[in-house]
Visitor: 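Before I ask anything, here is the structure I am working with.
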Amino acid sequence: QKEVEQNSGPLSVPEGAIASLNCTYSDRGSQSFFWYRQYSGKSPELIMFIYSNGDKEDGRFTAQLNKASQYVSLLIRDSQPSDSATYLCAVVVTGGGNKLTFGTGTQLKVEL
Amino acid sequence: GAGVSQSPSNKVTEKGKDVELRCDPISGHTALYWYRQSLGQGLEFLIYFQGNSAPDKSGLPSDRFSAERTGGSVSTLTIQRTQQEDSAVYLCASSLVVDTQYFGPGTRLTVL
């Protein structure tokens, strides 16, 4: 079992819709969770981090964490074509020091 | 500086040659990380520095890979006797707060 799992997609949503991206992790002791956006040919850009169970909102983005179920999700409201990118989920696993363990990413396509 | 910088942006080398990749972190960030991203692969952790020391080198794939950091700032990743499987994008990240990492633009390494 991979430590961090994401559906590779592509996930296609129409412009203006809500995009829902999901991530599961295997280490129950993980404490820190991150979402990065990566445009093709570019480096990852941090968009959200969450440490506590529940929701965290920042503009059009909402991160949701459920430690009991070991999943973290990212909701993008009012999706725009410029949101089309690969979204990477990253976790700091127990005993892993400070390094991030990444999922393989979900490709999001926002269609006009 | 405003962000993490890396040089060169692209490096093409011949199999068996040595290469040096440079990372200049965000000013004041004490932690520095190296990752690599191969085509079709996820982001893979290589090494982590806190100040000038490297408490976690667990991701270095072989003894051909080494890294150092001087003055708590600039870091150099050295790959000796490069192989074709070393071809990847090498990404550097830095953080002030433990685990909230910001990435540089990366160095694309191609080994012919």
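Naming convention: chains lettered A, B, ... in sequence-line order (proteins, then strands); numbering from 1 in each chain.
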Visitor: Nearest 0.5 Å, what's the CZ-OH distance between B:Phe103 and A:Tyr36?
Guide: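 So the gap between those two atoms works out to 5.0 Å.
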Visitor: Is it the case that atom NZ in A:Lys67 sees more than 12 heavy atoms from other parts of the structure closer than 6.0 Å?
Guide: yes
Visitor: When B:Gln101 is tested against each of A:Leu100, A:Val92, A:Leu46 for side chain to side chain contact (heavy atoms under 4.5 Å, CB included), which residue passes?
Guide: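 In the set A:Leu100, A:Val92, A:Leu46, the residue that makes a side chain to side chain contact (heavy atoms under 4.5 Å, CB included) with B:Gln101 is A:Leu100.
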Visitor: Using non-hydrogen atoms only, which part of B:Glu44 is less than 4.5 Å away from chain A: side chain, backbone, both, or neither?
Guide: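 When you check distances to chain A, no heavy atom of B:Glu44 falls under 4.5 Å.
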Visitor: Going by the rule salt bridge (Lys or Arg N to Asp or Glu O under 4.0 Å), which residues pair with A:Glu45 if we only count those two or more places apart in sequence or in a different chain?
Guide: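 Counting only residues at least two positions away or on another chain, A:Glu45 forms a salt bridge (Lys or Arg N to Asp or Glu O under 4.0 Å) with A:Arg37.
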Visitor: With a 4.5 angstrom heavy-atom cut-off, could you sort out which part of B:Leu91 is near chain A: side chain, backbone, both or neither?
Guide: side chain
Visitor: Answer yes or no: does atom CG of B:Leu112 have more than 12 heavy-atom neighbours from other residues, nucleotides or ligands under 6.0 Å?
Guide: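 Result for CG/B:Leu112: enclosed.
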Visitor: Below 3.5 Å, can you tabulate the donor-acceptor pairs from side chains in residues 6-15 of chain B to any protein atom, sequence neighbours excluded?
Guide:
unit_1: B:Gln6; atom_1: OE1; unit_2: B:Cys92; atom_2: N; d: 3.0
unit_1: B:Gln6; atom_1: OE1; unit_2: B:Gly106; atom_2: N; d: 2.9
unit_1: B:Gln6; atom_1: NE2; unit_2: B:Tyr90; atom_2: O; d: 3.0

